[in-house]
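Keep in mind that this is a model prediction, so the values were computed, not measured. Atoms considered below: every heavy atom in the structure, side chains included; atoms not considered: hydrogens, waters and symmetry mates. Letters A, B, ... mirror the listed sequences (proteins, then strands); counts begin at 1.
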Amino acid sequence: NAGVTQTPKFHILKIGQSMTLQCTQDMNHNYMYWYRQDPGMGLKLIYYSVGAGITDKGEVPNGYNVSRSTTEDFPLRLELAAPSQTSVYFCASSKTGAGANVLTFGAGSRLTVL
Amino acid sequence: DQQVKQNSPSLSVQEGRISILNCDYTNSMFDYFLWYKKYPAEGPTFLISISSIKDKNEDGRFTVFLNKSAKHLSLHIVPSQPGDSAVYFCAATFRPSGNTPLVFGKGTRLSVIA
């Protein structure tokens, strides 16, 4: 009963490096999301996907890329990391239809860019 | 421009008393509202929701009230327990079953003192 699994939990990245945050869910949810949470701030949507092969930008997509080749996986790619991308990243998933707004979140990935 | 506002960053309440967390929204198109709860080092979890066709929804100790004319909702926790200490996020969207991603407030940190 894993739910939404994110890896890594913690990572330190140097400015200009790239990395991928992994997210996988085992609930057969069609919708998946990436949010970031900065200190004292709410959750801001980076990208989301309504199904395999379909992705869309959220509120703060710059500096990130996503892909959705399977229902289960929704990796988030950071290209040319900047200090402004220091944040906690949350992946989430949800069903379609009436349950679409009840998101199941992963435990988060804390990323520091130095 | 914040569409969902939680103006109190923190709240302290004695165990057994009522906790009232407030949320205001600016977009009159929002018609479905949710509260999520977050413990440290964990992802947010869904707590309770309300559709704009209602003005109250109860689930055990948790009640959400919606005042559409004031664009205001509140979460009441009665009685408050130490385990309720967490950050509470208010979220809103345009329809209950659609794939429009949630917009979150900044959160209110609730501390319930034994």
Side-chain angles (χ1 to χ4, degrees), chain A residues 2-10 21 23 25 27 29-51 54-61 66 68 74 88-110, chain B residues 1-10 21-27 30-53 57 59 62 64 73 86-109:
Chain A
V4 177
T5 302
Q6 292 182 234
T7 56
K9 290 193 188 310
F10 304 93
L21 300 179
C23 176
Q25 53 94 5
M27 297 170 287
H29 284 172
N30 279 337
Y31 297 162
M32 294 189 76
Y33 312 84
W34 275 105
Y35 285 90
R36 59 178 284 176
Q37 185 190 13
D38 300 327
M41 303 296 286
L43 296 157
K44 296 197 173 183
L45 183 67
I46 306 170
Y47 271 96
Y48 67 104
S49 169
V50 300
I54 306 168
T55 62
D56 221 332
K57 294 178 180 179
E59 183 184 358
V60 289
V66 293
R68 184 96 182 271
F74 191 40
V88 181
Y89 292 84
F90 290 99
C91 179
S93 70
S94 67
K95 297 187 281 192
T96 55
N101 294 309
V102 179
L103 275 58
T104 300
F105 282 86
S109 296
R110 182 177 294 274
Chain B
D1 181 29
Q2 267 192 283
Q3 298 187 72
V4 177
K5 301 178 184 180
Q6 294 178 256
N7 292 322
S8 298
S10 62
L21 294 91
N22 294 304
C23 177
D24 297 293
Y25 60 97
T26 57
N27 192 332
F30 286 143
D31 60 4
Y32 196 70
F33 306 89
L34 306 93
W35 286 93
Y36 281 77
K37 175 179 179 179
K38 184 185 180 303
Y39 291 119
E42 295 183 11
T45 55
F46 169 73
L47 187 59
I48 193 169
S49 63
I50 188 166
S51 163
S52 61
I53 62 173
N57 188 28
D59 184 1
F62 302 91
V64 56
L73 62 154
V87 177
Y88 290 78
F89 291 101
C90 175
T93 189
F94 295 110
R95 54 190 179 276
S97 60
N99 60 2
T100 307
L102 299 177
V103 178
F104 285 87
K106 291 185 178 183
T108 296
R109 182 178 302 277

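Separation of atoms OH (B:Y32) and CG (A:N101) is listed at 6.5 Å; rounding is to 0.5 Å. Atom OH in B:Y36 sits 10.0 Å away from atom CG in A:L43 (nearest 0.5 Å).
Both the backbone and the side chain of A:L103 come within contact range of chain B, with heavy atoms under 4.5 Å apart. Contact of B:L102 with chain A is made through backbone and side chain together, with heavy-atom distances under 4.5 Å. In this structure, chain B has a heavy atom under 4.5 Å from the side chain of A:Q37, while its backbone stays farther away. The parts of B:P44 that come within reach of chain A are both its backbone and its side chain, each placing non-hydrogen atoms under 4.5 angstrom from that chain.
Considering every non-hydrogen atom in both B:P101 and A:Y35, the closest pair reads CB-OH, 4.3 Å. A:F90 and B:E42 get closest at one heavy-atom pair: CE2-O, 3.8 Å.
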